[in-house]
Amino acid sequence: RFTTQAGSNNVTYNAAMGALGATAIGSGVLLFNLNRTAAYANMEAEGLHPADYPFPQKKMLGTFDHASIRRGFQVFKEVCAACHSLDLVYWRNLVGVAYSDEEARAMAEEYEYTDGPDDQGEMFERTGKLTDPIPRPYANEEAARAANAGALPPDLSLITKARHGGVDYIYALLTGYTDAPAGVDIKEGLNYNPYFPGGSIAMAQNIFDGVVEYEDGTPNTASQITKDVVTFLNWAAEPELDDRKKIGAKAALLFSSLTLIALWIKRNRWHTIKTRKIVFNSPKNWGKSPFDKSK
Amino acid sequence: MVSGFVKSLSSFTYRTFFKKESTYFTTIVGTGVIFSITFNTLFDKYWDKKTAGTKWEDIKDRYVQN
């Protein structure tokens, strides 16, 4: 405990306290960072952390590449729709986003839909319209589980918002299939994927080089195919993203400008008050009160 | 304290737009409308240039049959 006497300076005290504080903060930062990248027992259960992929729509003012959405829907239709549903997306949602009105209509007409009772009370089959949803591969969850060894392929309408890690996680998952490391046993029917929490995923790898042929001639490598389908799934989960970013940029611009204007106006109206001087002129004659009428 | 031109411009603005409540209100609404149209037009032009080639409108010519 340091005591100071009158007249002595505090340099030694301040230096000692500063050194103590710096040691505490410095060692705290060091230990925190050493621990942050350390291995721990629960890592497999949490899944490998995905890398930060440069999807353009991830930037603060970034928007979708709609050509990629179009290719991604083609991939979804040809590869993923065999097992995964996309219940919240309708054929009409694609119009003006990735397909023209005629194209969407033509695609919808390739599918059969059951429609409501006719005048005789019978349900009937008809070709698809723009108002119909993207068709489900299985009628219900039980049928999906029965066809996939008890595992339910989740609906993909909101998958990029529903999974921690978003587009990075989905991309890493789809490209991350690898042989299980030594000592790790994967049950029969499951596949090893380090990005999947637990490591054992029921879905096998489905995206390989050349599994889809693109109409616009884009090279169909596995990474390109995955990038396109993930962009499509991101659009399906966040179709408002383009407008949201545009409106957000306008709002940020307007609000910051208005705030600066408001600050200036406040200081302008207040400057007379803040710079006024109040002067007290002491009276020459302290004796008599000015309210004394006796004089 | 301010120059003569600024003072006469201020006086003109006050007398014409701010003195009567009816003209003041019209000025506020009118300025808002004009600013809104101008800001949105200019910003949308900038945004469209920034996102050129990525929107549906930019790629639809490859697919639309007329």
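Labels below follow one simple rule: chain letters A, B, ... track the order of the sequence lines, proteins then strands, and each chain is numbered from 1.
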Exercise. So with a 6.0 Å cut-off around NZ of K77(A), is the heavy-atom count from everything else above 12?
Worked result: yes
Problem set entry | Residue N40(B) versus chain A: region with a heavy atom under 4.5 Å | both
Seminar exercise, completed: What one should report as the nearest heavy-atom pair of F43(B) and K246(A) is CE2-O, 3.9 Å
Exercise. Is any side-chain N of the basic residue among D44(B) and K250(A) closer than 4.0 Å to the acidic one's carboxylate O?
Worked result: yes
Problem set entry | Contact residues of residues 4-29 of chain B (partner chain A; heavy-atom separation under 4.5 angstrom) | none
Problem set entry | Any donor-acceptor pair under 3.5 Å from K50(B) side chain to L61(A) backbone | yes
For this session: Write down the atom of W56(B), the atom of V97(A), and the distance for their closest heavy-atom approach.
Result: CB-O, 3.5 Å
Problem set entry | Contact listing (chain B partner; residues 155-165 of chain A; heavy atom under 4.5 Å) | none
Exercise. Contact part of A67(A) toward chain B, heavy-atom cut-off under 4.5 Å: side chain, backbone, both or neither?
Worked result: both
For this session: Could you look at F35(B) and say if it's the side chain, the backbone, both or neither that has a heavy atom under 4.5 Å from chain A?
Result: side chain
Problem set entry | CD1-CG distance between I59(B) and D216(A), expressed to the nearest 0.5 angstrom | 8.5 Å
Exercise. Should we count OH of Y46(B) as having more than 12 external heavy atoms under 6.0 Å?
Worked result: no
Exercise. Which pair of heavy atoms, one from A249(A) and one from W47(B), lies closest together, and at what distance?
Worked result: CB-CZ3, 4.1 Å
Problem set entry | Under 4.5 Å from any heavy atom of chain A - which part of Y63(B) | both
For this session: Measure the CZ-CZ distance between R62(B) and R70(A) for me, rounded to the nearest 0.5 Å.
Result: 8.5 Å
